[in-house]
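Each remark here refers to the structure printed beneath this line.
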Amino acid sequence: MSEINVQIKEGSPVSVPSSATVAEALKKLDRDLAKRALAARVRGKEVDLERTLDSIPLEPGEPAGLLEWCNHGARGIAPILPQTREGLDVLRHSTAHLLAAAVLDLFPATKLGIGPALLDDPRYGFFYDVIAPRALTEADLPVIEKKMRDIAKRNMPYRRDEISKAEALRVFHERDEPLKCELIDEKAGETVSVYYIDGSPFLDFCMGPHVPNTNRLKAFKLLSLAGAYWKGDAERPQMQRIYGTAFFSQEELEAWLKQREEAEKRDHRRLGRELDLFSIQEDYGQGLVFWHPKGGIIRQQMEDYLREELVRRNYSFVYTPHIAKRELWQTSGHEQNYGDSMFAPTKLEETEFRLKPMNCPFHIGIYKSHQRSYRDLPQRYAEMGTVYRAELSGTLHGLMRVRGFTVDDAHLFCTPEQIPREIDDCVDFASAVLKTFGFDKIKYELSVKGSGENKLFLGSDEQWENAEKMLAAGLDARGIPYERIEGEAAFYGPKIDFKIEDAIGRLWQLGTVQWDFNLPERFELEYIAEDNKPHRPVMVHRALFGSIERFFGVLIEHFAGAFPMWLAPVQVAVLPITDRINEYAEKIAQELRATGLRVEVNVRSDKIGAKIRDAQLQKIPFMLVLGDRELEEARVAVRERTKGDIGAMALNEFKEMATRLVKTRALNNN
Ligand SMILES: [Zn+2]
Ligand SMILES: [Zn+2]
């Protein structure tokens, strides 16, 4: 029997029979790791622990008898462990299988769609799309969940089989699973891997990997039910999507459920309505946002602040159209790579136009309008650029996922030598902006090409290496810790993503700094260098808020609607105790407005208690309560929304405090 040398990252190689399973090899390498592993990465491929080493295909040119560690991890064995992103993916995906098995058990003849893990969705951890013999209701969820628990407790192994495509089609046809047949038809190669859970009627066409046994699934919960279309296509069968989530421990699940409850209280859709900030109206179209006057003020503050920073950092402001000729989107590659997310073309005379899903090609148009010399670089174009994406109705969610939104977009065109300075400024810019909005926990991720086997990446190895190095140097220079994420780069270049943690500990992906090898090639961008010859500039895409709509949604939930002074739509509520004081109240309001403060006077004939309650519900930072005494003494009695009564003071004193809070963009009213 042939032997094979296997090695994990920090261990010495050991020899095992090549027919050994991954689990057996791991056990020989490190018993503890083997116990904790959910699956493994072998030669860069994610596989089940039960796979035998000799069944894992070799890369072209790879020596067969070797599974030793090399730097990019493409050859050795790497266990996929709990508490990692990859591990969570395996856990949640396996739980989705368990869900399908339970549904099929309870509702035989259910047709199954797809069931992926969700890692970046703050609301859910996985789903499975089904067409049950009768429509499922929320009341079915606890029953299905109980069945899942029953199966989990029976310690059932996940089994993998490899069969021919024809055999797979026959099997799924026999089981009357037309959707699975369609998937196999489209996606399968010569052979197909199918998975089943012992003792369950469920069979899935799936690449895996999964946990070895259902007993690894201990903390899961079904969350909700929604409508979905097969392949998101409204012309195709309507399905039901069962959402759930899973964690490694019951404590984690419970903490998450608690956070979810807190999140519901802060839901930006509800607060948006109660505070009259924005609306989305069915009559005008789903996913299209109306900014009401109070939301509009906040947006204006956000944009004004950003513009100030852009001026300081020597950006130029540009404005570009919302549509362009269809050919442009073919040149840019958007139609080929991104066409599904674009609105369909519209024809005028003989020319077809498409709405823009991104601003990049327009900024390129400005760059290309002149011949550029190295002396003109960098060119830094910034635009609050409104874009449109053809998101399906089922995926829309308040401000978080919409069809029309504005990006605080910028594109930098520079020489390779200028890049370190530009990257450094982008990183500094991002952290300055996020901190100003009260996000001081920022997680930086550097997404790189990695071994690059699962995606088509453009650009040479040398370009990638160089670009990745420079992005990393930009973060290192500022002593910023970051996570390096292999294989998650955009196909056109590596990127830095910023994720912020909000007031209740949720992570949000916001802005990004992306290197691009693709568009400068496609549009043949040039500048004349010192050698008098044309060279290709480097292009960087960067956005800090990302979508302004989405950022606003995150802000609403982060502050639970109680915006800091500088953002608050109404900063001061003037509340006269009796009608006699109304005139004095108006005079005070006028004086405050003259200094630029946003002030409302409540002259309704309500009791003062009701007026205070109302201002409190509107989360107005300061209330000035005015009665006869205040009028006589020419003072104001000040209430702060969280502290309550903070005493009487001269109007000037209040004015100074209030304007200081605004000017310094203070996050709390101290
Ligand atoms: Zn699967
Ligand atoms: Zn761009």
Side-chain angles (χ1 to χ4, degrees), residues 38-39 46-48 50-51 80 89-101 104 112-118 126-129 157-162 168 180 183-184 187-188 192-197 200 202-212 214 216-217 246 318 320 324 328-329 332-334 337-338 341 356-367 379-387 389 405-413 426 490-493 495-497 511-520 522-523 525 538-547:
L38 301 158
E46 291 187 357
V47 296
D48 298 308
E50 281 309 302
R51 275 293 278 276
I80 295 178
D89 194 6
V90 172
L91 180 88
R92 289 184 173 173
H93 175 72
S94 304
T95 315
H97 275 239
L98 184 65
L99 165 59
L104 210 55
L112 296 166
I114 54 165
L118 303 171
F126 62 84
F127 67 79
Y128 219 108
D129 283 349
Y158 282 72
R159 306 259 192 217
R160 177 179 185 278
D161 239 349
E162 221 171 88
K180 291 288 179 198
L183 283 182
I184 294 168
K187 301 206 166 155
V192 170
S193 72
V194 292
Y195 279 88
Y196 56 97
I197 300 174
S200 152
F202 171 63
L203 180 73
D204 209 351
F205 158 58
C206 177
M207 302 292 285
H210 303 92
V211 296
T214 57
R216 300 297 292 266
L217 311 177
V318 299
T320 61
L328 179 86
W329 303 112
S332 71
H334 282 92
N337 295 312
Y338 206 72
S341 302
K356 66 173 169 186
M358 293 186 196
N359 300 299
C360 337
F362 291 86
H363 293 185
I364 286 176
I366 296 172
Y367 181 89
Q379 293 279 314
R380 306 184 190 92
Y381 303 145
E383 178 177 14
M384 303 294 168
T386 303
V387 297
R389 308 233 173 125
F405 59 94
T406 302
V407 183
D408 65 312
D409 219 349
H411 293 93
L412 316 174
F413 301 90
C426 285
F491 71 90
Y492 49 77
K495 59 176 182 165
I496 299 172
D497 288 326
T512 172
V513 177
Q514 306 194 349
W515 196 295
D516 192 338
F517 309 129
N518 179 40
L519 289 177
R522 282 180 168 270
F523 284 93
L525 299 187
V538 178
M539 181 175 177
V540 175
H541 311 250
R542 80 111 194 85
L544 305 178
F545 294 149
S547 148

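Ligands are counted one by one from 1 in listed order, and the atoms in each one are counted from 1 as well.
Arg160 is not listed as a side-chain neighbour of Tyr196, based on a closest heavy-atom distance of 4.5 Å or more. Using a 4.5 Å cut-off on side-chain heavy atoms (C-beta onward), Phe405 and Thr386 make no contact.
Ring geometry, His210 versus Tyr195: the interplanar angle exceeds 60°, so the pair is classed perpendicular (tilted spans 30 to 60°). Using cut-offs of 30° and 60° on the angle between ring planes, the pair Trp329 and His334 is perpendicular.
Nearest N/O/S atom of His541 relative to the Zn ion (ligand 2): this is ND1.
One of the N, O or S atoms belonging to Cys360 lies under 2.8 Å away from the Zn ion (ligand 2).
Among the candidates Trp515, Tyr492, Tyr381, the single residue satisfying the ring-ring contact (aromatic ring centres under 6.0 Å, His included) test with His541 is Tyr492.
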Is there a side-chain contact (heavy atoms from CB on, under 4.5 Å) between Asn518 and Phe523? Walk through the geometry before answering.
CA-CA 9 Å; Asn518 179 40; Phe523 284 93; over 6 Å; no

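Excluding waters, the set of protein N/O/S atoms under 2.8 Å from the Zn ion (ligand 1) reads His93 NE2, His97 NE2, Cys206 SG, His210 NE2.
Here the two rings, on His97 and Phe202, have centers that are under 6.0 Å apart.
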